[in-house]
Participant: 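Encoded as structure tokens, here's the structure I'll be asking about.
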2 protein chains.
Amino acid sequence: MTPTTQRSGWAEQAARALTEAGYRRGGARRAILELLDEQACALSAQEIQRALGGRRRAVSRASIYRVMEELEAIGVVQRVELGQGIVRYEAVRRGPGHHHHLVCDRCGRLEPFTDAGLERAISRLSDRVPLKVSVHEIVIHGACRVCAR
Amino acid sequence: MTPTTQRSGWAEQAARALTEAGYRRGGARRAILELLDEQACALSAQEIQRALGGRRRAVSRASIYRVMEELEAIGVVQRVELGQGIVRYEAVRRGPGHHHHLVCDRCGRLEPFTDAGLERAISRLSDRVPLKVSVHEIVIHGACRVCAR
DNA sequence: GCAGAAGACGAGATCGAATCTCATAAACAT
DNA sequence: ATGTTTATGAGATTCGATCTCGTCTTCTGC
Ligand SMILES: [Zn+2]
Ligand SMILES: [Zn+2]
Ligand SMILES: [Zn+2]
Ligand SMILES: [Zn+2]
């Protein structure tokens, strides 16, 4: 859980996209955008609700799921499923901030990582694949340092 | 849904692994192993139950989940989560048969693919990653030919 | 073979994340 | 400010996954 708070204006960008898509400004949306912008990696709906309930404005489950769906639809948030049947969400960022995930199958630890070679291989792949690629997601499973003994 | 029925003896191999791990032979396990061995790609628990109920021996939900857990634990089956909150399972195979997944986010179509460049990038990555890698899973999201218009 | 012990299996209860409903509150246009 | 439209929340509901526990099956020792 690297707490790399990167303020890249993502929240403002996302808010603009919402407006352009015809949505109004609401307290729940604003709170969610701010929270997501501070995260270095993906959060589950439950984690989002707890985080917002603690500090900030409390937001209901229904709103979280509804807003995440809207944000995903306009392409500013990505749904990530890393096992344990829990869906997580994270801000979609351009160059810096873009990363993939290592998951420890024993303790569930989630670790973001980046790799230029991998990105190159994927962009090459995108051309000859029978799919208009929107986002790619790489999940590596294994045992983390702690769990591998 | 490429119906590449590849009989590589995977079922027998898996059955042997189960025995070595101390499990007995049961009707549910046998039926599940045979079904999985015929698949070119991942199936959900529900799909497995339907397939077994139709032809072959019917198997209960409880047994499917229980057996899949055992098979995953001994490393012959891999859990795959490709969105829509549904868990799928597929046989883990060595060289041929090893593949990754393209998912259409609109219609849910699932397409297996292989890419040597990607595999190379991943094996290079494995060395400097802070995790003992067991399996890797690459999911590419996008719009399929049909949905992309 | 056969009896007993250990494990496999299934029906149904239970859990919990995600979704749906609908009444109320908040945002926006005029 | 007023009316109209959209956003939000509490609670009900859905449905995949898990648990429970009694019965059936496999295996072991005789
Ligand atoms: Zn992440
Ligand atoms: Zn771990
Ligand atoms: Zn597959
Ligand atoms: Zn499609």
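Note on naming: letters A, B, ... go to the chains in the order of the sequence lines (proteins, then strands), and numbering restarts at 1 for each one. All heavy atoms count here, side chains included; hydrogens, waters and symmetry mates do not.
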Participant: Could you state the CD-P distance from B:Glu81 to C:dA18, rounded to the nearest angstrom?
Facilitator: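 Taking CD of B:Glu81 and P of C:dA18, I get 11 Å after rounding.
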Participant: Counting any heavy atom closer than 4.0 Å, what does B:Arg30 reach on the DNA or RNA strands: base, sugar-phosphate only, or nothing?
Facilitator: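 Nothing, no nucleic acid heavy atom in range.
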Participant: Going by salt bridge (Lys or Arg N to Asp or Glu O under 4.0 Å), B:Arg88 matches just one of B:Glu72, B:Glu81, B:Glu47. Which one?
Facilitator: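 Passing option: B:Glu47.
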Participant: Is any side-chain N of the basic residue among A:Asp37 and A:Arg93 closer than 4.0 Å to the acidic one's carboxylate O?
Facilitator: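 Salt bridge: yes.
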Participant: With B:Leu110, which of B:Val80, B:Val103, B:Leu102 fulfils side chain to side chain contact (heavy atoms under 4.5 Å, CB included)?
Facilitator: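 Looking at B:Val80, B:Val103, B:Leu102, the match for B:Leu110 under the side chain to side chain contact (heavy atoms under 4.5 Å, CB included) is B:Val103.
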Participant: Examine C:dA11: is either OP1 or OP2 under 4.0 Å from a nitrogen or oxygen in the side chain of B:Ser60? Give yes or no.
Facilitator: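 Checking C:dA11 against B:Ser60, no side-chain N or O comes under 4.0 Å of OP1 or OP2.
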Participant: Going 5' to 3' on DNA chain D, which nucleotide is the first and which the last to come under 4.0 Å of a heavy atom in chain B?
Facilitator: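 Listing 5' to 3', DNA chain D meets chain B from D:dG16 to D:dC27.
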Participant: Among C:dA18, C:dA17, C:dC9, which is the nearest nucleotide to the side chain of B:Val67?
Facilitator: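 That would be C:dC9.
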Participant: Decide whether A:Ser123 and A:Ser126 meet the rule of one side-chain donor and one side-chain acceptor closer than 3.5 Å.
Facilitator: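 There is no such pair between these side chains.
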Participant: Could you check how far CZ of A:Arg66 sits from P of C:dC22, rounded to whole Å?
Facilitator: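 Between P of C:dC22 and CZ of A:Arg66: 14 Å.
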Participant: Are the side chain of B:Gln49 and the backbone of B:Val59 linked by a donor-acceptor contact shorter than 3.5 Å?
Facilitator: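 Checked: pair present.
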Participant: Is the phosphate of C:dA18 approached by A:Tyr65 (side-chain N or O, under 4.0 Å from OP1 or OP2)?
Facilitator: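 So the side chain of A:Tyr65 is within the cut-off, an N or O lying under 4.0 Å from OP1 or OP2 of C:dA18.
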Participant: Has A:Arg56 got more than 12 heavy atoms of other residues, nucleotides or ligands less than 6.0 Å from its CZ?
Facilitator: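 It does: A:Arg56 CZ has more than 12 such atoms within range.
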Participant: Going by the rule salt bridge (Lys or Arg N to Asp or Glu O under 4.0 Å), which residues pair with B:Arg30 if we only count those two or more places apart in sequence or in a different chain?
Facilitator: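 With sequence neighbours excluded, B:Arg30 shows a salt bridge (Lys or Arg N to Asp or Glu O under 4.0 Å) to no residue whatsoever.
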Participant: Check the side chains of B:His100 and B:Glu111 for a donor-acceptor pair under 3.5 angstrom, ignoring hydrogens and angles.
Facilitator: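 No, no side-chain donor-acceptor pair sits under 3.5 Å.
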Participant: How long is the line joining CD of B:Glu70 and P of C:dG7, in whole Å?
Facilitator: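 Between P of C:dG7 and CD of B:Glu70: 12 Å.
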Participant: Strictly under 3.5 Å: I want the nitrogen or oxygen pairs between protein and nucleotides 28-30 of chain C, one per line.
Facilitator:
from   : atom 1 : to      : atom 2 : distance (Å)
C:dC28 : OP1    : A:Arg25 : N      : 3.2

Participant: To the nearest 0.5 Å, what is the distance between CZ (B:Arg29) and OH (B:Tyr23)?
Facilitator: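 Here the interatomic distance stands at 7.0 Å.
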Participant: Rounded to the Å, how far apart are B:Ile86 CD1 and C:dT19 C1'?
Facilitator: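 Nearest whole value for this atom pair: 14 Å.
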Participant: Scan B:Ala58 against the nucleic acid and name what it touches under 4.0 Å (heavy atoms): base, sugar-phosphate only, or nothing.
Facilitator: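 Answer is sugar-phosphate: B:Ala58 comes under 4.0 Å of backbone atoms only.
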Participant: Between A:Glu69 (CD) and C:dT19 (P), how many Å, whole number?
Facilitator: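 Those two atoms, CD and P, are 7 Å apart.
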Participant: Using atom CD of A:Gln49 as one end and atom C1' of C:dG16 as the other, report the distance to the nearest whole Å.
Facilitator: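 Computing the A:Gln49:CD to C:dG16:C1' distance gives 13 Å.
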Participant: Taking the nucleotide of DNA chain C with the closest heavy atom to each, which residue, B:Ala28 or A:Gly85, is nearer the 5' end?
Facilitator: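 By nearest-heavy-atom nucleotide position, the 5'-most residue is B:Ala28.
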Participant: How long is the line joining CG of B:Leu52 and P of C:dG10, in whole Å?
Facilitator: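 For the pair B:Leu52 CG and C:dG10 P, the rounded distance is 10 Å.
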Participant: For the pair made of CD1 in B:Ile64 and P in C:dC9, what is the distance, rounded to whole Å?
Facilitator: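 Result: 11 Å.
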